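Step one of this worksheet: look at the structure below.
All values derive from a computational prediction rather than experimental measurement. Lettering of chains follows the sequences in order, A, B, ..., and the numbering in each one begins at 1.
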Protein chains: 2
Amino acid sequence: MSQMQNVERQLREMILGLEIGPGERLTERWIESRFGASRTPVRAALLRLETEGLIGRDGRGWTVAPINLAELGQIAVYREAVEVAAVRLTAALEDRGGIDVIAAMLDSCDAETPREEWHRVGMDFHIELARLSGNEFLLRAVRDAMTRLSRARWLEVRDEKALGRAWAEHHAILAAVRAGDADESARLLSAHIAGSRDRLVNSLHDDRRGLRARGFAVVAA
Amino acid sequence: MSQMQNVERQLREMILGLEIGPGERLTERWIESRFGASRTPVRAALLRLETEGLIGRDGRGWTVAPINLAELGQIAVYREAVEVAAVRLTAALEDRGGIDVIAAMLDSCDAETPREEWHRVGMDFHIELARLSGNEFLLRAVRDAMTRLSRARWLEVRDEKALGRAWAEHHAILAAVRAGDADESARLLSAHIAGSRDRLVNSLHDDRRGLRARGFAVVAA
DNA sequence: GATACCAACTTGGGATACCAAGCCGGTATT
DNA sequence: AATACCGGCTTGGTATCCCAAGTTGGTATC
């Protein structure tokens, strides 16, 4: 694997894993020494992460994207548009066998599953559902949206009850898609996304002082 | 303006203007000498254009993205999802003053307007309409989709009648949005996009031999 | 003590040198 | 004549060097 891909992947993981906090400054020299690569692949990786929205420019320098509550609302609208379109396509397919794989993925999580795994599966559910549509652009859009939401979802304070409700909603969506009911799938998915957004924004809004205390830049809604 | 931005902009214009044909190979050294920049900004520009989908990797090298008829169909689905979402948002706004600016933009084209300008305005209509929604993600999605469609639309053989019909549809969409009728706006926009896709794919499909004769790589649907 | 100014350093932007892998053409062998 | 082999050339990947602009810390002056 090339150095550029190495740096890109590791840096993305550090950002998404909050090892580098939202709002933190990045210098090419620091990354260079941190990953043992020279500046050329480092700069290439930064350019790619910039298009993913994980980092941005701060004048001449680089900054890890802050947690932006207003952006979360816009992403929810965007997600709804593309995910609903994807699920409607999927519900109209003859071969919806892929749904069972997604259901199995959900069921692989139980009480002993680490939180990190729940987090990943919760995002992969939406990504894999979009993949079933067969539309590369809808898939990419969903993947991008989930990437941008990843840190916020990780920071969200989620109680067991909310987690269980989300999982039930996921299963309900799958059931509607499996039945080929596009309207019901769309309705359930829209409601799920709206609820998810509300819990997320409320949780982070309530926590924003705590987040700032941890050194995380939080942009108000 | 930085060298990277210069190279990126000029290379994008050459690709979209078909001065470099779809499917053509690109070498970093050629670009370097062509624009008088060194490889560092050239590589940065290539990385950005790659994320725009205008170029892709061909093994170790770079290739201008071919005209892909299957992709055009997928983009139409994607466009419909995001543009309809955007126009619904806009129709629900209190302040829809921006619509008049778009109408004026359409009206700035007449029989003497060069074809290039019609082409640009035809894309800007959709982009600016999406901008009115205020949602950055929907706007970016529409802009990306139009960029990817740009070359295909340029190659499309369009008769006066089809062009006039498209303009009438644009005005009808604006009227519905101005009236705040979200459902009607969405219906008209969906029909417009579907019709646009059909004309585009049919035209290119019929022309694909001619396109290949011009040295353009065309991927079948 | 406050401020204006200057030097050293930091940092991203760009240029260039080097490398490894792959491609191509030529040559020698059968 | 066909083919296997080899050497040079092209090309992207990487490392490194230089530069200009901006920042910082200290110092001298008022």
If you measure from the Lys or Arg side-chain nitrogens to the Asp or Glu carboxylate oxygens, is any gap between B:R131 and B:E128 under 4.0 Å? yes

Can a side chain N or O of B:R43 be found less than 4.0 Å away from OP1 or OP2 on C:dT16? no

Has the side chain of A:W154 got a donor or acceptor atom that lies under 3.5 Å from a matching backbone atom of A:L16? no

For D:dT14, take OP1 and OP2 only and decide whether either is under 4.0 Å from a side-chain N or O of A:S38. no

Judged by nearest nucleotide, the residue sitting upstream toward the 5' end of DNA chain D, A:R60 or B:R57, is B:R57

Applying a 4.0 Å non-hydrogen cut-off, can you work out what B:T40 is touching in the nucleic acid: base, sugar-phosphate, or nothing? base

Please confirm whether the shortest side-chain N or O distance from A:R39 to OP1 or OP2 of C:dA15 is below 4.0 Å. no

Rounded to whole Å, please give me the gap between CD in B:E28 and C1' in D:dT14. 11 Å

A:R39/A:E28 salt bridge by N-O under 4.0 Å criterion: yes

Classify B:S2 by what it touches in the nucleic acid, base, sugar-phosphate, or nothing, heavy-atom distance under 4.0 Å. sugar-phosphate

Have a look at A:L26 and say if it touches a base, only the backbone sugar-phosphate, or nothing, with a 4.0 Å heavy-atom cut-off. sugar-phosphate

d(CG, A:D58; C1', C:dG12) in whole Å: 13 Å

Do the side-chain N or O atoms of A:Q3 get closer than 4.0 angstrom to the phosphate oxygens (OP1, OP2) of D:dA15? yes

Is A:A37 touching bases, backbone alone, or none of the nucleic acid, heavy atoms closer than 4.0 Å? sugar-phosphate

Any donor-acceptor N/O pair under 3.5 Å between C:dG12 base and A:R29 side chain: yes

Indicate the ring-plane relationship of B:H170 and B:H126, choosing parallel, tilted or perpendicular according to the 30° and 60° boundaries. perpendicular

Contact class for A:G61 vs. all strands (heavy atom < 4.0 Å): base, sugar-phosphate, or nothing? sugar-phosphate

If you measure from the Lys or Arg side-chain nitrogens to the Asp or Glu carboxylate oxygens, is any gap between A:R197 and A:E80 under 4.0 Å? no

Could you tell me the separation between the CD1 atom of A:I31 and the P atom of C:dT11, rounded to a whole number of Å? 12 Å

For the pair made of CH2 in A:W30 and P in C:dT11, what is the distance, rounded to whole Å? 13 Å

Watson-Crick/G-U partner (both atom distances under 3.5 Å) of D:dT29: C:dA2

Round to a whole Å and report the spacing from CG of B:N6 to P of C:dG13. 14 Å

